[in-house]
Amino acid sequence: MKLVTCGLPYANGKLHIGHMRTYIPADVYVRFLRMMNEKVIFICGSDCHGTPIVVNAEREGLKPEELVEKYHEHFLRVFKELAVEFDFFGKTTEKYHHERTREIVNRLIENGYVYSKEIELAYCESCKRFLPDRYVEGICPYCKTPARGDECDQGCGRHLEPGEILEPRCKICGNRAVFKKRTHYFFKLTAFQEFLKEYLSRVSGTENAINYAKEWVNNLRDWCITRDLEWGVKFPLDESLVLYVWVDAPIGYISFTEQLTNDWKKIWIDGEAEIIHFIGLDIAYHHCIFWPSMLKAAGYALPSAVVASGMVKVEGKTFSKSRGYVVWVEDEYLKASLNPDYLRYYIVNYTSHEKDLNFSWDTFKEKVNNEIIATFGNFLFRILSFAWKNFGKIKMEVDGEIMEKISMTRERIVEAIKKWEFKVATDAIMELASFGNSYFQNSKPWDLIKYDKDKAMKVVANALQLVKALVIFSYPVMPKSMEKIAKSIGLDVRTCSIDDVMKIDDEVVISKPEIPFEKIEDEEIEKLKKSLFDRFAEKPEISIEEFRKLDIRIGKILDAKKIEKSKKLLKLLVDIGDEKRQLVAGIAENHRPEDLIGKLVVVIANLKPAKIMGVESKGMILAADVGGKAVLLVPEKEVAAGTKVK
RNA sequence: GCCGGGGUAGCCUAGCUGGUUGGGGCGACGGACUCAUAAUCCGUAGGUCGCGGGUUCAAAUCCCGCCCCCGGCACCA
């Protein structure tokens, strides 16, 4: 038995193509396994806790449970449309999930892996509460830049443990927070270093995730697993605290299994099933470090594989919701009435599972029109049409050569799927379709039919066997379209085993075939491209007053030096008229210090000072960002340092 | 700088536990066919396998050095 899970989507936003890079291949994998006669359970659900949900709900004027429900419904809808069929799709807000989570945490406690520690935490006196995670804004203790409570998101990027942040402010009311002592609870992650090393050396899955994890193992810290929040799973030893969302989220894999089947103990306690986690690379830490340690500590079964998908790019750019490099599944893809199977094929076939996948509308159109339609769909349709028009009923006599080809393709597919090589598997399908076209073309049944009907029928029989094989092979990837086609040859593909491709019926009755796939027109793609590209440059409108707040002037670079041990940073001394400023600029990669001295540049003089690598920076110089390389802005004529820029 | 992943024809990519003439796909060009959603089939052109050394009878594949790209972190005020 196998249990396949997908990383839980976070219930504070809609699904985009980046999400689908995990869910679609997982669904394809599960469907193939079932066709290969494996018993499989496929589990997922909404991840509903954590601070961002509370903050977003407040912003939208909703209760957290309402916000969560809204996105939960969205997930169910989109997964259904895309034919991603989980056996159970739960919610971490449910009672059963809270119970299972508390049971596991109690085991961690009983087994001695949880300890309390008094730490100093930010507390907002006007809101009368402790400020966990992203409720708090302050200064990073490591690099002294403004940061969020849980990580230094603008500066050094470090994960901050609760209470570490300096000068905390309440994000909700903006007031200065005070530090108060508070007892929190820690999981002894450091006790699992040896275990993790051993575990990571034997766990299966994709190399990308495991390699990262092997590096992380050498630098573990105990993990604060409680938060001062009301929204979440109550911590058993202190009900005024909830568990950190990353404690309870993966436990959903267990609690959801429990809802589905009484066999859950065999899977999660007795270790009688293979547990396979499909995740995005961004949550590899949680699945390769935190999660196995927790399971081990609580005496549960360990996952046998972590399969991480690579990142998604949009039109060649790094995926970014805020910058608009994103494709929304419901509002864009589905709204355009595009066949969901096209997206499934694209995601699974574009490149290998662990490499970065580029989603480009032009490539999408080409793959759909050339591969799915011209090669694959056209083969199905030309055979079915020819068979229907000329025979209606075909006596099946299939050549050994054809069966051999089908058998080889089956082997290739099965081997590839076992290794999560979805591209290899789907390429094999396309190749078989191509073989079919070639066979049919070279056999010229449209000529044969004029003088040797029997011979023509034999060609059609061979081709029909290929059609049947293609329908079965590609069903896991394109289930909706294949169900439709299967009907015209009287096949119920949902109940087929992959071995059925080797079975030859006595005769096949053809009903009138329908065109299997609609072509994608240029105008359609242009529209989709336009709405995407229009978004790229969008920034909120600002008033002239807001603009006037900027103190922009011409500065003259008096001195420039490289900052030690830094690759990108230069320390500059700039004359801005009434004073000489020191500032740090990330331009060292394509500017030599000696070339900069004497140069006029544009400076923002009233930017809040910050320290970067221990060097104080008071201001910023402006440059065009050309693929990450800085091209400095300079005045067109010689002007005095300090000249205002409007 | 450290860590990870890469650099193969105009573009995407397989091969990378060394061994027959480095495979595909898209695009380009020429031809054929008409059953088929102007789909399909056959053929042609196009490669210093990032650069330089080394090991070997034999290297895209192994070793050493270097360059470049991507991602993460240190550092883009």
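The structure displayed is predicted, hence computed values, not measured ones. All chains are named by letter (A, B, ...) in the order of the sequence lines, taking the proteins before the strands, and each is independently numbered beginning at 1.
- A:T363 and A:N358 share no donor-acceptor pair across their side chains, judged by distance under 3.5 Å alone.
- Both distances falling under 3.5 Å, in either a Watson-Crick or a G-U wobble arrangement, occur for no nucleotide opposite B:U48.
- Residue A:K444 places no side-chain N or O under 4.0 Å from the OP1 or OP2 atom of B:A32.
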Could you tabulate the donor-acceptor pairs under 3.5 Å formed by side-chain atoms of residues 515-529 of chain A, not counting sequence neighbours?
residue, atom, partner, partner atom, Å
A:D522, OD1, A:K365, NZ, 3.0
A:K529, NZ, A:D362, OD1, 3.2
A:K529, NZ, A:D362, OD2, 3.0

Could you go through nucleotides 42-45 of chain B and list every protein N or O atom that sits under 3.5 Å from one of its N or O atoms, giving the distance for each pair?
residue, atom, partner, partner atom, Å
B:C42, OP1, A:S438, OG, 3.1

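- RNA chain B lies under 4.0 Å from at least one heavy atom of each of the following residues of residues 516-529 of chain A: A:P516, A:F517, A:K519.
- Note on A:D578 versus A:R553: salt bridge recorded, some NZ/NE/NH1/NH2 to OD/OE distance being below 4.0 Å.
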- Query: Using a cut-off of 4.0 Å between protein heavy atoms and nucleotide atoms, how would you tag nucleotides 25-31 of chain B 5' to 3' with B, S and -?
  - Reply: -SS----
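- In this structure, A:V584 reaches the sugar-phosphate backbone alone: every heavy-atom distance under 4.0 Å involves primed, P, OP1 or OP2 atoms, never a base.
- Across residues 378-387 of chain A, A:N378, A:F381, A:R382, A:F386 each have a non-hydrogen atom less than 4.0 Å from an atom of RNA chain B (numbered order).
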- Message: Before you tell me yes or no, could you show the steps for A:Y285 and A:F290 under ring-ring contact (aromatic ring centres under 6.0 Å, His included), namely the whole-Å CA-CA distance, both residues' side-chain angles and the distance that decides it to 0.1 Å?
- Response: CA-CA 7 Å; A:Y285 196 98; A:F290 289 153; 5.1 Å; yes
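- Formation of a donor-acceptor pair under 3.5 Å by the A:S481 side chain with backbone atoms of A:M478 is not found in this model.
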Side-chain atoms of residues 459-473 of chain A: list all donor-acceptor pairs with protein atoms under 3.5 Å, sequence neighbours left out, distances to 0.1 Å.
residue, atom, partner, partner atom, Å
A:N462, OD1, A:D399, N, 2.8
A:N462, ND2, A:D399, OD2, 3.0
A:N462, ND2, A:Y439, OH, 2.8
A:Q465, NE2, A:V501, O, 3.0
A:Q465, NE2, A:K503, O, 3.0
A:K468, NZ, A:D500, O, 3.4
A:K468, NZ, A:K503, O, 2.9

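- The residue A:K389 sits close only to the backbone: its heavy atoms come under 4.0 Å of sugar-phosphate atoms, none of a base.
- Taking every heavy atom of residues 338-351 of chain A and every atom of RNA chain B, no pair lies under 4.0 Å.
- Judged as a side-chain hydrogen bond (donor to acceptor under 3.5 Å, both in side chains), the pairs with a partner in residues 367-380 of chain A (not counting sequence neighbours) are, in order, A:Y345-A:E371, A:N349-A:K367, A:K367-A:E371.
- Scored by the ring pair (Phe, Tyr, Trp, His ring centres under 6.0 Å) test, A:F376 finds no partners at all (sequence neighbours excluded).
- When the salt bridge (Lys or Arg N to Asp or Glu O under 4.0 Å) test is applied to A:E354, no partner is found at least two apart in sequence or on another chain.
- Listed by first then second residue, pairs satisfying salt bridge (charged side-chain N to carboxylate O under 4.0 Å, His left out) with a partner in residues 429-439 of chain A read A:K405-A:E431, A:R412-A:E431, not counting sequence neighbours.
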Pick out the pairs of N or O atoms, protein on one side and nucleotides 5-7 of chain B on the other, that lie under 3.5 Å.
none

